[in-house]
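We name chains A, B, ... by the order of the sequence lines, and we start the count at 1 in each one.
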Amino acid sequence: MKDSSFRDRVLTIVCAIPEGLLLTYGDVATAAGTPRAARAVGAVLRAGTGVEIPWHRVVNAKGRVSGGGDVARPPLQIKRLQAEGHRFGSDGVLNLAERRWDLKEAPTWHDAPWESKDQPPDDFSE
DNA sequence: AAAGTGACCTCCT
DNA sequence: CAGGAGGCCACTT
């Protein structure tokens with residue numbers, strides 16, 4: 001709650017998202033203790049965690065993927081979500097309201113495996 | 001160390 | 001109801 005850095009909490013939460021469920025950046029930020037830090041969550045994921053985390057399970061409030069300038073991110077994320085059994089609409093929007101994960105189930109960060117310093121490059125491409 | 005950027009969200013028009 | 005603008009926090013260089 002205070003020992004681990006913000007990114008550690010975000011990584012822990014994202015990594016703890018059950019398969020088949022989804023979570024929005026705002027929810028992750030809220031679970032981390034900073035509801036207004038939704039943007040920061042994206043920064044953490046963009047920075048690379050060094051650990052293979054299901055970042056694809058995190059989408060925006062619109063229930064849609066973003067991509068952040070990368071053209072391979074949206075299709076990859078959608079592809080992964082579909083593999084998880086998620087249902088996408090005609091506009092690429094998924095029923096987030098039905099697949100939203102309960103933040104109450106968010107894990108507690110007491111001994112996060114990822115250290116706040118020196119993190120290896122992330123390899124989660126396909 | 002400081003400034004710029006960004007995988008967002010919410011409110012207002 | 002739909003579109004636009006601003007604000008917030010954290011990471012990168």
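Note that the CG atom of A:N60 and the OG1 atom of A:T24 stand 8.5 Å from one another [nearest 0.5 Å]. Note that NE2 of A:H56 is 8.5 Å distant from CG of A:L76, once rounded to the nearest 0.5 Å.
Scored by the side chain to side chain contact (heavy atoms under 4.5 Å, CB included) test, A:P18 finds A:L21, A:W101 as partners (sequence neighbours excluded). Every residue two or more places apart in sequence or in another chain that forms a side chain to side chain contact (heavy atoms under 4.5 Å, CB included) with A:I78 is listed here: A:V65, A:Q82, A:F88. With sequence neighbours excluded, the residues forming a side chain to side chain donor-acceptor pair (under 3.5 Å) with A:E84 are A:R57, listed by chain and number.
Between the CG atom of A:L81 and the C1' atom of B:dA7 there is a distance of 13 Å, given to the nearest Å. In this entry the distance linking CZ of A:R7 with P of C:dA10 reads 13 Å, nearest Å. If you take CH2 of A:W55 and P of B:dG6, they are 18 Å apart, rounded to a whole angstrom. Between A:Y25 atom OH and B:dA7 atom C1' there is a gap of 4 Å when expressed in whole angstrom units. The interatomic distance linking A:L96 (CG) with B:dC9 (C1') rounds to 13 Å, in whole Å. A straight line from CZ of A:R64 to P of B:dC8 spans 13 Å, rounded to a whole angstrom.
You'll find the side chain of A:I53 reaches within 4.5 Å of the side chain of A:L45, heavy atoms only.
Nucleotides of DNA chain B nearest to A:A43 and A:T24 differ in position, and the one nearer the 5' end is that of A:A43.
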Find every protein N or O atom lying less than 3.5 Å from an N or O atom of nucleotides 5-9 of chain C, and list the pairs.
residue, atom, partner, partner atom, Å
C:dG7, O6, A:R39, NH1, 3.0
C:dG7, O6, A:R39, NH2, 3.3

Restricting both atoms to N or O, compile the protein contacts to nucleotides 10-13 of chain B shorter than 3.5 Å, with distance only.
none

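Formation of a donor-acceptor pair under 3.5 Å by the A:D102 side chain with backbone atoms of A:K104 is found in this model.
In summary, the side chains of A:S5 and A:D8 do not present any donor paired with an acceptor at a separation below 3.5 Å, with no hydrogens or angles considered.
The list of side-chain hydrogen bond (donor to acceptor under 3.5 Å, both in side chains) pairs with a residue in residues 29-43 of chain A, not counting sequence neighbours, is empty.
If you check B:dA7, C:dC11, B:dC8 against the side chain of A:V44, the one that comes closest is C:dC11.
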